[in-house]
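Letters A, B, ... mirror the listed sequences (proteins, then strands); counts begin at 1.
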Amino acid sequence: MDAIKVENLTFSYNQEKDVIKNVSFSIPKGSYTTIVGHNGSGKSTIAKLLIGLLEAKSGKIEVLGQQLTEKTVFDIRSNIGIVFQNPDNQFIGSTVADDIAFGLENHCVPQEKMDDIIQNVAKQVHMTKYLNSEPTKLSGGQKQRVAIAGVLAIEPEIVIFDESTSMLDPQGKAVINKEIQKLHDNNNMTVLSITHDMEEVAQSEHVIVLKQGQVVLEGSPKEIFSSGELENMKLHLPFAMSFSQKLVKEGLLSDSRLTLEEVVEELCQLK
Amino acid sequence: MSIKVNKLEHIYSKGTPFEYKALQGIDLEIREGKVTAIIGETGSGKSTLVQHLNGLLIPTAGELEICGFKILPLLKNKDIKKLRKEVGLVFQFPEYQLFEETIERDIAFGPKNFGATEEEAKELVKKVLPLVGLDESYLERSPFELSGGQKRRIAIAGILVLDPKVLVLDEPAAGLDPKGASDMMDLFIRLNKEGKTIILVSHDMEHVMKYCDDVVVLDDGKVKHASDVKTFFEHPEWMVQIGINPPAIIRLKMMLQEKGWNIPADCLDEDTLLEVIRKQVKNHE
Amino acid sequence: MNNVALGRYLPLDSTIHKMDPRAKIAMMFMIIVAVFIPAGFYGYAVIGLTILLCLYLSKLKVGYALRSMKPMIIMMVFLLIVNVLVLKTGYPLLTIGKFSIYSDAIFQTLYIVIRLMLMIICTTILTATTKPLDLTLGIEKILKPFEKIGIPGHIIAMMISIALRFIPTLIEETQRIMNAQASRGVDLENGKLKEKIMAVLSLIVPLFISSFERADQLANAMEARGYNPSHPRTRYKVLKMTTIDYLGMVVSAVCLIVCIVIGVVL
């Protein structure tokens, strides 16, 4: 079964220009998908449509086999967690523990179970030390980790990242990328991540490229990176990919590689 | 003339429970006409330091010299306004300083604050727009209907229009998509070629490596390293020490060195690295 | 901006910090009522002692509590000037030429200043010793009985708690916009009226725009995390009254009664 299935989705903010034009895609359960594209390509709009914060003009969205309607939206939200872009504007509690508890409270988790859940998810994102800290005392990356803990707490099957690393410094980015990978590998969650970060795209399984509200390309990271389409759109390739392409041209490598580790490994065999 | 910082200290909320010593004795010289990167972790004192450069903050102890101005502790100085015309400071997410109905009026706001007449200000706006890659058709538009990247250009134009000698930018590419970010950096390099001294607070080592001349590393309110960019990237251990992830090419180099490859320290660009790798593979054959 | 002491939580480990927010709100309510009873300087002495006791138990520094009054100083000076110019009753204290300062002017000002001081210290102790979320939880619980008559206690509490949560963020933001505009030559202190109006606008407009954006994103985040004001919710924090809470309320009640008695006798 597909975790998310989108059919002929069209959306416009003010009846003028369609921001999303007849978009269809499906995301298999347990997969890790990234959506890339420029600012204004409609990426974040898709995220908002998927969790019912915006209403489509036409088309259909199915989450775990259930069609998204006004009636099902609350149900569906208990199965989708989302981490937004701005770390500050999604931190609702006055401390880390309170913020993680916010989702639990909304989903009516009994009070006596909350402490264990909070401890457990804080541990997963390495924030146990900060449970009583206020948001102003945390870095952007730490706030995003709290947001992830908040998602983990309600145990959804699907988690969406809406440019969650774009306001972070490279350290924060790297940490959050690792956490995202862990959600997929260890927690068996279906991950959908909207991102500019090509290092993250490289670690995903499936990539959807969006341009002016339309899906222009879909495939594995390697297929996407090798297609030449990203360069046309002035999106950078990850360094490992662009450099290994050069090595291939020089006849030093048999095929382009997604990570530096793979490049090094193969080069060492040649030496 | 270069910018000289001498034993600069800054303490926030002195004498309260929130007292915090952000800078503890900064000694530094920033070269005129160059692009200097200031790097360091969050809380290392970068923002505090750059706010001294145009007198938004006054040192608690020590002094600095910039564009012929001397900034000393306890200084209450009318000259500070003049200094702000010479040193343009662009904060993080500067699009949040836009407030006027039209782009023309928003950019003209600065010059008028510094005493320009309506006509003079309008003239200056017309001159500055192409610098940030926008044309006159934007003049009458509202800044709020633009995209994020364009808004940021307008905000930067609002500082550039003052024609500062030194331009200080705090994370100017943060939150932009990759194309927006590299366009933004190209803009600063162009301004630098026209003679402006650029100071860049950045987390992005790829940008530092590609665009900057000098690097200053702050750690815990002190200068940890200050050198030209080449020397800096020849010592990747400096980055590792303060928890900064080196650029991908340096990481690749370090990984290869670890596996016993002989890669000279000054090999910093893709073509040289490619050449070095090819030689060692070929030698083996 | 960072020096603002009013309304800020100070994480210390004290008896008052550990008290139930409901008890603290009730105590503050009783003491403020006591302040408004015309019990003269004797009454203020009783209230002052009670507040000093709380201050001591809360481990807050007296200087800190006093500093929270900084924003009020201008108002107090203004009050003094008005009273000195207007009130001409009581006996003259000081005569310069034709102009005399009368005793009532001074006493009247002192009354108001002392009242204000007592109330401000009282609220400072409450906010400095109670986490914003506990405070709102306390308000929510206190308002609970009124939900039957249509006062949505939990929504009011949520609103207050979000407002409190965003105060530091907004202060930071204001500071940043002030700095940004200062870098464009804005001078909030000097300049003609027209320039000053522009300066204030250049601060307020961006602040409004970013606040609306924040509010929008926050609403999205809350909704996405399953918040629905009309749905039942469980609560993470559970409040529990202990001996010290009852003791505190008794002390404040005694203070209030003593003030009433003094007021009646006088």
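Qualifying salt bridge (charged side-chain N to carboxylate O under 4.0 Å, His left out) partners for A:D255, counting only residues two or more places apart in sequence or in other chains: A:K222.
Taking 4.5 Å as the heavy-atom cut-off, the residues of residues 242-255 of chain B that approach chain A are B:G243, B:I244, B:N245, B:A248, B:I249, B:R251, B:L252, B:M255, ordered by number. Residues of residues 210-236 of chain B lying within less than 4.5 angstrom of chain A, judged on heavy atoms, are absent. Using a 4.5 Å heavy-atom cut-off against chain A, the contacting residues of residues 170-185 of chain B are B:G175, B:L176, B:D177, B:P178, B:K179, B:S182.
Between A:M241 and A:L258 the shortest side-chain heavy-atom distance falls below 4.5 Å. Contact of the B:F99 side chain with the B:P143 side chain is not registered, since no non-hydrogen atoms from C-beta on lie closer than 4.5 Å. Side-chain contact check for B:E258 versus A:V264: every heavy-atom pair is 4.5 Å or farther apart.
Residue with the most contacts toward chain B among A:K246, A:M233, A:Q85, A:M167: A:K246 (heavy-atom pairs, distance under 4.5 Å).
Of all heavy-atom pairs spanning A:V263 and A:A240, the tightest one is CG2-O, 4.2 Å.
No hydrogens or angles considered: nothing links the side chains of B:D204 and B:S202 as a donor-acceptor pair under 3.5 Å. A donor atom on one side chain and an acceptor atom on the other are not found under 3.5 Å apart for A:S244 and A:S256. Side-chain contact check for A:Y32 and A:S193: no donor-acceptor pair (N or O, by modelled atom type) lies under 3.5 Å. At a cut-off of 3.5 Å, with distance as the only test, no side-chain donor of B:S13 or B:E19 sits close to an acceptor on the other residue. Between A:E266 and A:S254, the side chains place a donor N or O and an acceptor N or O closer than 3.5 Å (distance only, hydrogens not considered). In this model, a donor atom of one side chain and an acceptor atom of the other lie less than 3.5 Å apart for B:K46 and B:H203. Under 3.5 Å, the side chains of A:Y130 and A:T95 contain no donor-acceptor pair of N or O atoms.
For A:E163, no part lies under 4.5 angstrom from a heavy atom of chain B. With a 4.5 Å cut-off on non-hydrogen atoms, A:L267 touches chain B through its backbone and its side chain both.
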For this session: Start with the C-alpha distance between B:E41 and A:Q171, add both sets of side-chain angles, then the distance that settles side-chain hydrogen bond (donor to acceptor under 3.5 Å, both in side chains), and finish with yes or no.
Result: CA-CA 9 Å; B:E41 280 181 295; A:Q171 268 63 43; over 6 Å; no
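The aromatic rings of A:F243 and A:F239 lie parallel to each other, with less than 30° between the two planes, well short of the 60° mark.
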